[in-house]
Amino acid sequence: MSRCYNFSAGPANLPLSVLEQAQRDLVDFRGTGMSVMEMSHRGKNYTEIHQNAQENLRTLMNIPENYRILFVQGGASSQFAAVPLNLFTERKKADYVNTGAWSKKAIAEASRYGAVNVVASSEDTTFNYIPKLPATIFSPDADYVHITSNNTIYGTCYPGLPEVGNTPLVCDMSSDILSKPYEVSKFAVIYAGAQKNIGPAGLTIVIVREDMIGRALDITPTMFNYRTYADNNSLFNTPPCFIIYMAGLVFQWMLDNGGLEAMAARNRDKASLLYQYLDQSELFTATVSGDDRSIMNIPFVTGNVDLDKKFITEAENNNFKTLKGHRSVGGMRASIYNAFPREGVEQLVQFMEDFEHRNLP
Ligand SMILES: *Cc1c(COP(=O)(O)O)cnc(C)c1O
């Protein structure tokens with residue numbers, strides 16, 4: 001068996017022990033004679049998987065009692081519509097912060113259902129920072145404020161949460177959920193596609209405060225209504241059973257490895273290893289500076305498109321895979337989610353040092 005260092009932004013690498021556990025369970029889940037993929041979602045075995053995954057996520061994130069955990073499908077992209085459909089109930093007005101391609105998609109989708117006020121944007125400089133958000137820029141009568149906590153493509157992350165008063169705060173946390181502790185009670189809705197820090201693609205987690213449930217617009221499709229999931233324990237229809245099982249294994253792996261404080265310490269350490277190298281390198285530069293730097297996605301460039309290409313090719317040949325940056329930013333991007341090993345970052349830095357020596361003019 002040979003495993004590479006996989007810097008994919010998503011679907012991203014999973015803990016090896018989780019993959020191996022899934023492999024052991026694959027054809028015969030704990031003596032049942034069937035795979036998790038083959039069993040009824042109403043049966044005793046799956047029910048236990050479903051409940052454990054929820055409970056472990058609640059423990060990990062310290063989710064208060066008055067929040068519900070929903071297992072939905074359709075990706076974070078479906079939540080771009082589900083959020084306004086469920087929350088545009090008072091004035092059909094919402095404030096959005098535009099910090100990148102995902103925010104823009106969320107804005108476009110919400111604009112179909114109500115008035116979207118873009119209160120701040122960092123588009124002027126290819127989204128390489130998080131705009132300052134003084135409390136006064138938010139509308140006092142918005143139904144909610146929407147932010148994207150970590151911007152996967154550009155490598156920015158909120159250094160702190162904006163002060164939005166009593167307005168419900170909604171967060172697309174797809175690429176930094178579970179990377180560090182967040183105080184869930186500061187949010188009305190948190191949503192995240194699974195394929196970055198949670199498990200394989202195909203599951204979307206929604207964590208919603210109870211008072212946000214049951215107010216959806218009449219036109220809301222049943223499968224987009226938070227109440228459908230809350231009233232049926234996310235079993236109104238067939239859930240993505242196998243993905244929930246995989247997410248459950250990842251949650252257990254996080255609990256066994258010290259929970260989110262420990263994840264955060266390891267993630268900061270891994271990220272600072274790479275940033276420290278980038279900050280003193282004469283060849284490579286990080287595209288984001290200061291407090292807004294993500295510890296999950298780290299874009300960098302040489303400033304020379306041909307040299308970037310050469311670097312990516314050589315990296316691939318040396319087992320460092322998927323380092324190509326998003327097409328809108330160019331250059332390189334190292335996504336180093338929870339499951340990415342420190343050793344992989346150490347080896348990447350060594351490889352970059354060597355590449356730098358060989359390629360400095
Ligand atoms: C990946 C990503 C998305 C899109 O998620 P899908 O599950 O593919 O719809 C949305 N927002 C952010 C911040 C992401 O990183």
Side-chain angles (χ1 to χ4, degrees), residues 6-14 70-85 96-110 112 116 121-123 126-131 144-158 161-162 169-180 182 187 189-207 221 223-224 229 234 239-240 242-244 246-247 250 267 271 288 292-299 322 324-329 333-340:
N6 176 9
F7 294 89
S8 171
N13 71 156
L14 290 161
L70 316 180
F71 294 150
V72 312
Q73 296 187 60
S77 300
S78 291
Q79 292 306 307
F80 296 162
V83 164
L85 284 166
Y96 276 69
V97 183
N98 182 14
T99 51
W102 297 118
S103 303
K104 279 175 90 163
K105 288 189 174 172
I107 288 164
E109 201 68 11
R112 298 158 62 98
V116 169
S121 168
S122 48
E123 194 162 14
T126 327
F127 299 113
N128 69 353
Y129 69 102
I130 301 286
Y144 63 92
V145 174
H146 182 282
I147 62 169
T148 313
S149 52
N150 184 80
N151 296 278
T152 326
I153 295 172
Y154 312 93
T156 61
C157 182
Y158 280 71
L161 294 177
L169 181 62
V170 177
C171 183
D172 175 358
M173 213 179 265
S174 292
S175 54
D176 72 335
I177 190 168
L178 299 171
S179 68
K180 60 185 175 188
Y182 268 108
F187 302 91
V189 179
I190 292 169
Y191 63 89
Q195 67 274 22
K196 278 81 186 225
N197 237 349
I198 294 172
L203 169 68
T204 310
I205 304 267
V206 179
I207 300 164
M223 295 312 293
F224 273 55
Y229 296 84
S234 302
F242 189 74
I243 311 302
I244 292 170
M246 289 293 291
V250 173
N267 288 331
V288 178
D292 301 341
R293 282 178 164 176
S294 169
I295 55 172
M296 297 279 92
N297 314 98
I298 305 182
T322 347
K324 195 170 190 298
H326 191 271
R327 58 188 182 280
S328 62
V329 182
R333 171 178 50 170
S335 294
I336 47 173
Y337 299 110
N338 287 350
F340 194 91

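Nothing fancy with the numbering, it's 1 onward along the sequence. First listed ligand is number 1; within each ligand, the first listed atom is number 1.
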Student: Side-chain donor-acceptor pair under 3.5 Å between S179 and N197, yes or no?
Tutor: no
Student: Out of curiosity, I177 CD1 to I198 CD1, how far, rounded to the nearest 0.5 Å?
Tutor: 4.5 Å
Student: How far does CD1 of I153 sit from OG of S175, to the nearest 0.5 angstrom?
Tutor: 9.5 Å
Student: Where is the nearest protein heavy atom to atom 14 (C) of ligand 1: which residue, which atom, and how far?
Tutor: K196 NZ, 2.9 Å
Student: Counting heavy atoms not belonging to K105, are there more than 12 under 6.0 Å from its NZ?
Tutor: no
Student: Any idea which protein heavy atom is nearest atom 8 (O) of ligand 1, and the distance to it?
Tutor: Q195 NE2, 3.2 Å
Student: With heavy-atom distances below 4.0 Å as the criterion, list the atoms of ligand 1 near T148.
Tutor: 13 (C)
Student: Short list, please: which atoms of ligand 1 are under 4.0 Å from a heavy atom of S175?
Tutor: 15 (O)
Student: Within less than 4.0 angstrom of ligand 1, does N150 place any heavy atom?
Tutor: yes
Student: Got the closest protein heavy atom to atom 15 (O) of ligand 1, with its distance?
Tutor: T152 OG1, 2.4 Å
Student: Side chains of N297 and Y337: do they bring a donor and an acceptor to under 3.5 Å?
Tutor: yes
Student: Judged on heavy-atom distance to atom 12 (C) of ligand 1, which of W102, Y191, F80 sits nearest?
Tutor: W102
Student: Report the distance from atom CD1 of I130 to atom CG of D292, rounding to the nearest 0.5 Å.
Tutor: 5.5 Å
Student: Just by distance, with hydrogens left out, do T148 and D172 show a side-chain donor and acceptor under 3.5 Å apart?
Tutor: no
Student: Ligand 1 and S77, any nitrogen or oxygen pair closer than 3.5 angstrom?
Tutor: yes
Student: Check the side chains of N6 and T322 for a donor-acceptor pair under 3.5 angstrom, ignoring hydrogens and angles.
Tutor: yes
Student: Which residue and non-hydrogen atom of the protein lie closest to atom 11 (N) of ligand 1, and at what distance in Å?
Tutor: D172 OD2, 2.6 Å
Student: Ligand 1 versus K105, non-hydrogen atoms closer than 4.0 Å: side chain, backbone, both, neither?
Tutor: neither
Student: Look only at interatomic distance and state if A76 has a nitrogen or oxygen under 3.5 Å from any nitrogen or oxygen of ligand 1.
Tutor: yes
